[in-house]
2 protein chains.
Amino acid sequence: MLQLTKRTEYGLLALVHLADREGAVASVREICERFPLPKRTVAEVLKDLQHAGLVDSIRGSSGGYTLARAPEQVTLGDVVRALEGAPPLTTCESPIVLKGGGCEVQPMCPIKSPIQRVRERLWQMLEHTTLRSLVSKGSHVSLGALGAVESN
Amino acid sequence: MLQLTKRTEYGLLALVHLADREGAVASVREICERFPLPKRTVAEVLKDLQHAGLVDSIRGSSGGYTLARAPEQVTLGDVVRALEGAPPLTTCESPIVLKGGGCEVQPMCPIKSPIQRVRERLWQMLEHTTLRSLVSKGSHVSLGALGAVESN
DNA sequence: GCAATTAGCACCTTTTGAGTGCGCTTTGGA
DNA sequence: TCCAAAGCGCACTCAAAAGGTGCTAATTGC
Ligand code: SF4
Ligand code: SF4
């Protein structure tokens with residue numbers, strides 16, 4: 001449906017909070033105190049982000065999560081890839097397993113190639129949008145992010 | 001899920017076929033003879049495209065559809081808008097009715113503005129991808145080799 | 001009149017997304 | 001030592017969306 005899932009939004013908000021904490025651990029409770037989000041679901045999302053290597057987790061009583069990389073090196077694309085799986089855009093080019101035999105139209109599909117081009121460009125856009133640019137949006141507008149995306 | 005619906009794909013394929021026909025009427029049956037698609041669903045999609053003003057319909061025995069505009073003036077964005085409704089990308093900025101009271105995070109959301117920027121750029125991308133570019137992209141395969149269409 | 005075709009609406013089925021239950025593990029601190 | 005706070009893992013329910021179909025008109029060339 002050409003729309004980000006709420007899981008992705010939750011992930012982004014959580015990452016923004018972690019970025020604000022600058023390396024300090026932040027628990028799910030702390031995140032949900034800042035943003036009114038369903039705690040359990042956010043926990044699930046953070047867990048997935050941990051599996052994807054975007055955050056590190058600290059267990060135990062005073063545990064929580066920290067950013068695994070600098071905010072400049074985490075992109076919207078990373079988050080989407082971690083939380084929504086593959087970057088398909090079409091049903092034919094799902095990267096790994098195409099169950100059900102794939103699309104019947106494929107051998108004669110005139111739109112496959114151009115749509116893949118659109119997908120690539122979209123993905124480039126996501127890859128060039130860093131967590132840093134999201135964080136700085138809170139206070140002032142970062143024009144640097146726009147310039148980076150504008151490359152075509 | 002950041003993916004085009006099958007309805008959109010069907011619509012694009014149908015429009016490509018209509019574009020190949022260069023103003024001649026093409027029925028749903030004809031389209032589904034060229035592409036192995038579920039006839040009824042394609043009919044539903046064409047109907048929606050007609051409502052959106054992208055195609056004209058001719059009823060009756062030898063009826064069908066024709067392009068309402070030149071292929072240069074139909075964009076991927078038009079098709080998506082016609083078949084998937086609004087261009088949300090996030091749940092907060094759905095244009096018309098926001099049922100359920102909208103997002104609770106909104107007053108303090110740090111990612112709303114930057115995500116809207118991404119949405120706008122994505123939309124620009126879709127608006128700049130014309131049906132003409134899809135048609136010419138597909139024609140690296142000669143129509144004669146397809147076997148189904150022989151009258152051009 | 002007949003057959004082909006679009007129009008309209010409602011319905012069903014499958015898939016996906018969102019959220020929760022429940023028990024376990026880890027760990028710091030009282 | 002014990003407990004509370006936090007993450008871990010899995011499976012499960014519930015709701016919404018997407019995909020597809022049934023059925024009955026209305027239109028129109030032959
Ligand atoms: S219709 Fe074309 S673009 Fe769509 S899934 Fe099939 S092969 Fe891919
Ligand atoms: S979290 Fe922010 S971007 Fe997402 S719907 Fe709410 S206000 Fe919009």
Side-chain angles (χ1 to χ4, degrees), chain A residues 1-11 13-14 18 24-33 36-52 55-66 68 80 83-86 88-91 94 99-100 103-105, chain B residues 1-11 13-14 18 24-33 36-52 54-66 68 80 83-86 88 90-91 94 97-100 103-105:
Chain A
M1 209 244 287
L2 212 42
Q3 177 175 339
L4 297 176
T5 63
K6 291 195 175 174
R7 286 169 52 85
T8 300
E9 283 188 19
Y10 297 167
L13 290 170
L18 293 184
V25 293
S27 65
V28 172
R29 178 189 49 75
E30 183 181 311
I31 293 172
C32 292
E33 279 170 2
L37 302 176
K39 192 176 171 185
R40 280 293 305 280
T41 305
V42 172
E44 216 72 17
V45 167
L46 263 299
K47 195 171 46 180
D48 290 346
L49 291 179
Q50 194 268 324
H51 286 151
V55 299
D56 292 324
S57 69
I58 295 93
R59 300 179 66 165
S61 168
S62 61
Y65 294 92
T66 63
V80 172
L83 298 178
E84 306 190 17
L89 187 59
T90 52
T91 51
S94 60
K99 59 188 176 185
C103 180
E104 300 283 337
V105 186
Chain B
M1 207 242 287
L2 209 44
Q3 176 175 341
L4 296 176
T5 64
K6 290 195 175 175
R7 286 169 52 85
T8 300
E9 283 188 18
Y10 297 167
L13 289 170
L18 293 184
V25 293
S27 65
V28 172
R29 178 188 49 75
E30 183 181 313
I31 293 172
C32 292
E33 280 170 1
L37 301 177
K39 192 175 172 185
R40 281 291 307 281
T41 305
V42 172
E44 216 72 18
V45 167
L46 263 300
K47 196 170 44 180
D48 290 346
L49 290 179
Q50 193 268 322
H51 286 152
L54 293 183
V55 299
D56 293 324
S57 68
I58 295 93
R59 299 179 64 166
S61 169
S62 61
Y65 294 93
T66 63
V80 172
L83 297 179
E84 306 189 17
T90 51
T91 51
S94 61
V97 184
L98 55 161
K99 59 189 174 185
C103 180
E104 301 283 337
V105 186

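In what follows, chains carry the letters A, B, and so on, assigned in the order in which the sequence lines appear, proteins first and then strands, with residues in each chain numbered from 1.
Remark: side-chain polar atoms of B:E84 are paired, donor with acceptor, to backbone N or O of B:T5 under 3.5 angstrom. Side chain of B:E104 to main chain of A:L37: no donor-acceptor pair is present (N/O by atom type, distance under 3.5 Å, no hydrogens or angles).
Contact annotation: A:Y65 side-chain N/O to D:dC8 OP1/OP2 distance is under 4.0 Å. Between A:Y10 and the phosphate of C:dA18, there is no side-chain N or O to OP1/OP2 separation shorter than 4.0 Å.
In this structure, SG in B:C103 is found 7.5 Å from NZ in A:K6, a value given to the nearest 0.5 Å. Remark: B:L2 CG to A:Q3 CD distance equals 10.0 Å, nearest 0.5 Å. Rounded to the nearest 0.5 angstrom, A:L13 CG and A:C32 SG are separated by 10.0 Å.
We find that CG of A:L4 is positioned 16 Å from P of D:dA17, with the value rounded to whole Å. In this structure, CG of A:L37 is placed 16 Å from C1' of C:dG17, rounded to the nearest angstrom. Here D:dG7 presents its P atom at 11 Å from CG of A:L18, a figure rounded to the nearest Å. The distance between atom CG of A:L83 and atom P of C:dG19, rounded to the nearest whole Å, is 14 Å. Put simply, CG on A:L2 is 14 Å from P on C:dG17, counting in whole angstrom units. Rounding to whole angstrom units, CD of residue A:E84 and P of D:dA17 are separated by 16 Å. Rounded to whole Å, the distance from CZ on B:R40 to C1' on C:dG8 is 10 Å. Rounded to whole angstrom, the span from the CE atom of A:M1 across to the P atom of D:dG19 amounts to 11 Å.
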Derivation of the side-chain contact (heavy atoms from CB on, under 4.5 Å) call for B:L18 and B:T66:
CA-CA 6 Å; B:L18 293 184; B:T66 63; 5.8 Å; no

Donor-acceptor contacts under 3.5 Å from residues 39-48 of chain B side chains, at least two apart:
residue: B:E44; atom: OE2; partner: B:K47; partner atom: NZ; Å: 3.0
residue: B:D48; atom: OD2; partner: B:R7; partner atom: NH2; Å: 2.4

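With a 4.5 Å cut-off on side-chain heavy atoms, A:V105 and B:P36 count as touching.
For the residue pair A:S27 and A:G63, the shortest heavy atom distance occurs at CB-O, 3.9 Å. Nearest approach of A:A14 to A:I31, heavy atoms of both residues: CB-CD1, 3.8 Å.
Residues passing the salt bridge (Lys or Arg N to Asp or Glu O under 4.0 Å) test with B:R29 are B:E33, sequence neighbours excluded.
Residues of residues 26-33 of chain A having a heavy atom closer than 4.0 Å to DNA chain C: none are found. Within residues 43-52 of chain B, the residues having any heavy atom closer than 4.0 Å to DNA chain C are, in order of number, B:E44, B:K47, B:Q50, B:H51.
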How does DNA chain D look in dot-bracket notation if pairs are Watson-Crick or G-U with both distances under 3.5 Å, crossing ones as [ ], other-strand ones as |?
||||||||||||||||||||||||||||||

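Residue A:T5 is in sugar-phosphate contact alone, with no base atom involved, counting any heavy-atom pair closer than 4.0 Å across all strands shown.
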Which protein N or O atoms sit under 3.5 Å from an N or O of nucleotides 27-30 of chain C?
residue: C:dT27; atom: O2; partner: A:S61; partner atom: N; Å: 3.2

